[in-house]
Amino acid sequence: MNFSNIQKSKNFTQMKYKILIATLSTVLFGCTNNNDQSDAYGNFETETTIVAAESSGKIIQKNVEKGQKIEAGFIAVITDTVQPFLKLKQIEAQKAAVVSKRASVAAQIAVFEEQKRNLQINEKRISQMLSDGAATQKQLDDITGQINVANRQIESTKTQFSSISKELEVVETQKEATGDLLRRCTVKSPASGTILETYAELGELATPGKPLFKMANLDELTLKVYVSGAQLSNIKIGQEVSVWVDKNETDNQSFPGKITWISSEAEFTPKIIQTKEERVKLVYAVKVAVKNNGTLKIGMPGEISWQ
């Protein structure tokens, strides 16, 4: 073998060595994850809200579907409004009748007041005539008696206003109650969030308390993890931590998180932990708030690291 061939063989050996080193580097460093760095494990959860019907009636409009994101105050479901609407019209008619009755009483009082004024004019005239000797005392006494009767009629009629006012209060209360029933036929979203489940369909009969849909705010999820007593000294409420979730089969994805709650009592590790040895240990529950960009899902496993 000449010198040129020896040199080529040496170069080829060096190249294979470099390729081997690069491959090992990729395996050892390119596929690294945080398994050795994680301090606690758990699953993501969130507070859910189940919205129920508040009145009886057929569902005539349904505006929500599973996975839909809605804002607070969004009209989600409308139930049949015919009965409360008709009841409200009836109450309005009753109110008009009561108001008319009050107007009639006021008119009667006006008549009595006019009669009284005329009697008072006659009283002055007769009193003057009596001074001149042109009238008798009996005539004056008669006219005075008529004025007294008119006063009693006016006072008696005015007492009807109190009864009418009470009647009007009852009608107003009925109107408010029926108006509230009418408003309850429209079910609005109590907060912004995403529809997780729907429990009723268009045309079904709704009853008070019947669940219509379940929703939750998925913009921020809570990772509930469990730590040992020895780890408690390393964490505190408000502390920033790193949250890890699976990105693919080999890599993890990191999110910033903040500890919002630490249990004050120890408990046995939940049964979701696989091994019996782990389940019999006493641990403390910890909740970590994590902003969600759409990657995180309820029930997804996660890990945290505070180092």
Side-chain angles (χ1 to χ4, degrees), residues 42-89 91-92 172-225 237-238 241 243 245 255-264 270 272 285-302 304:
N43 295 85
F44 285 96
E45 58 183 33
T46 187
E47 295 290 336
T48 59
T49 301
I50 295 180
V51 180
E54 296 185 74
S55 64
S56 299
K58 183 184 294 185
I59 297 175
I60 60 175
Q61 189 172 331
K62 178 191 172 190
N63 302 322
V64 291
E65 296 295 339
K66 186 176 180 179
Q68 180 180 349
K69 190 170 184 178
I70 59 177
E71 300 296 327
F74 177 79
I75 297 177
V77 175
I78 298 178
T79 57
D80 189 5
T81 61
V82 172
Q83 292 302 318
F85 179 75
L86 293 177
K87 180 66 175 177
L88 195 59
K89 288 188 66 176
I91 293 173
E92 288 287 358
E172 287 289 354
T173 302
Q174 292 176 342
K175 180 180 178 181
E176 291 178 7
T178 306
D180 181 65
L181 288 177
L182 188 60
R183 287 189 293 271
R184 289 172 184 265
C185 292
T186 302
V187 181
K188 297 182 179 180
S189 170
S192 299
T194 302
I195 304 298
L196 302 180
E197 298 287 345
T198 59
Y199 305 116
E201 298 299 330
L202 192 67
E204 288 186 8
L205 180 64
T207 56
K210 178 180 180 178
L212 299 176
F213 59 91
K214 178 168 70 174
M215 64 179 297
N217 183 6
L218 302 183
D219 293 336
E220 182 177 274
L221 295 186
T222 298
L223 177 61
K224 188 175 184 180
V225 299
I237 294 178
V241 296
V243 177
V245 297
F255 291 85
K258 180 184 290 186
I259 296 176
T260 59
W261 177 79
I262 301 174
S263 175
S264 59
I272 57 173
V286 176
K287 292 184 179 181
V288 180
V290 185
K291 295 291 184 182
N292 186 14
N293 61 3
T295 302
L296 306 178
K297 306 293 187 295
I298 298 174
M300 177 185 289
I304 68 168

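Just so we're clear, the structure is a prediction, and the values are computed from it rather than from any experiment.
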Original post:
CZ of F44 to NZ of K297: how many Å apart, nearest 0.5 Å?
Top reply: 10.5 Å
Subject >> Taking every non-hydrogen atom, the tightest pair across A216 and E47 >> reply: CB-O, 3.5 Å
**OP:** Kindly indicate whether the side chain of Q68, heavy atoms from C-beta on, has any atom under 4.5 Å from the side chain of F74.
**Re:** yes
Subject >> V77 and V51: CA distance, side-chain angles, deciding distance, side chain to side chain contact (heavy atoms under 4.5 Å, CB included) verdict >> reply: CA-CA 10 Å; V77 175; V51 180; over 6 Å; no
Subject >> Atom pair CG/CD1 of N63 and I75 - distance to nearest 0.5 Å >> reply: 7.5 Å
Subject >> Y199 side, atom OH; K210 side, atom NZ - distance, nearest 0.5 Å >> reply: 12.5 Å
Subject >> Within-4.5 Å side-chain heavy-atom neighbours: L88 and K175 >> reply: yes
Original post:
OG1/T178 to NZ/K89 distance, rounded to the nearest 0.5 angstrom?
Top reply: 14.0 Å
Subject >> Distance-minimising heavy-atom pair for V64 and A76 >> reply: CG1-CB, 3.7 Å
Subject >> Side-chain heavy atoms of L223 within contact of L296, under 4.5 Å >> reply: no
**OP:** Using side chain to side chain contact (heavy atoms under 4.5 Å, CB included) as the criterion, point out the one residue from V243, T260, T222, L221 that pairs with V288.
**Re:** V243
Original post:
If you measure from SG on C185 to CG on D180, what distance do you get to the nearest 0.5 Å?
Top reply: 10.0 Å
Original post:
Is there side-chain contact between M215 and P190, with at least one heavy-atom pair below 4.5 Å?
Top reply: yes
Subject >> Audit row: K66, E197, side chain to side chain contact (heavy atoms under 4.5 Å, CB included) steps and yes/no >> reply: CA-CA 5 Å; K66 186 176 180 179; E197 298 287 345; 3.5 Å; yes
Original post:
What do you reckon, is NZ of K62 surrounded by more than 12 foreign heavy atoms closer than 6.0 Å?
Top reply: yes
**OP:** Please examine the side chains of D219 and N292, heavy atoms only from C-beta on, and report whether any two atoms are closer than 4.5 Å.
**Re:** no
Original post:
Can you check whether I298 reaches L196 side chain to side chain, under 4.5 Å on heavy atoms?
Top reply: yes
**OP:** First locate atom OG1 of T79, then atom NZ of K58, and finally report the distance between them rounded to the nearest 0.5 Å.
**Re:** 12.0 Å
Original post:
Does some side-chain heavy atom of T48 sit less than 4.5 Å from a side-chain heavy atom of E45?
Top reply: no
Original post:
Between the side chains of S192 and E71, does any donor sit under 3.5 Å from an acceptor?
Top reply: yes
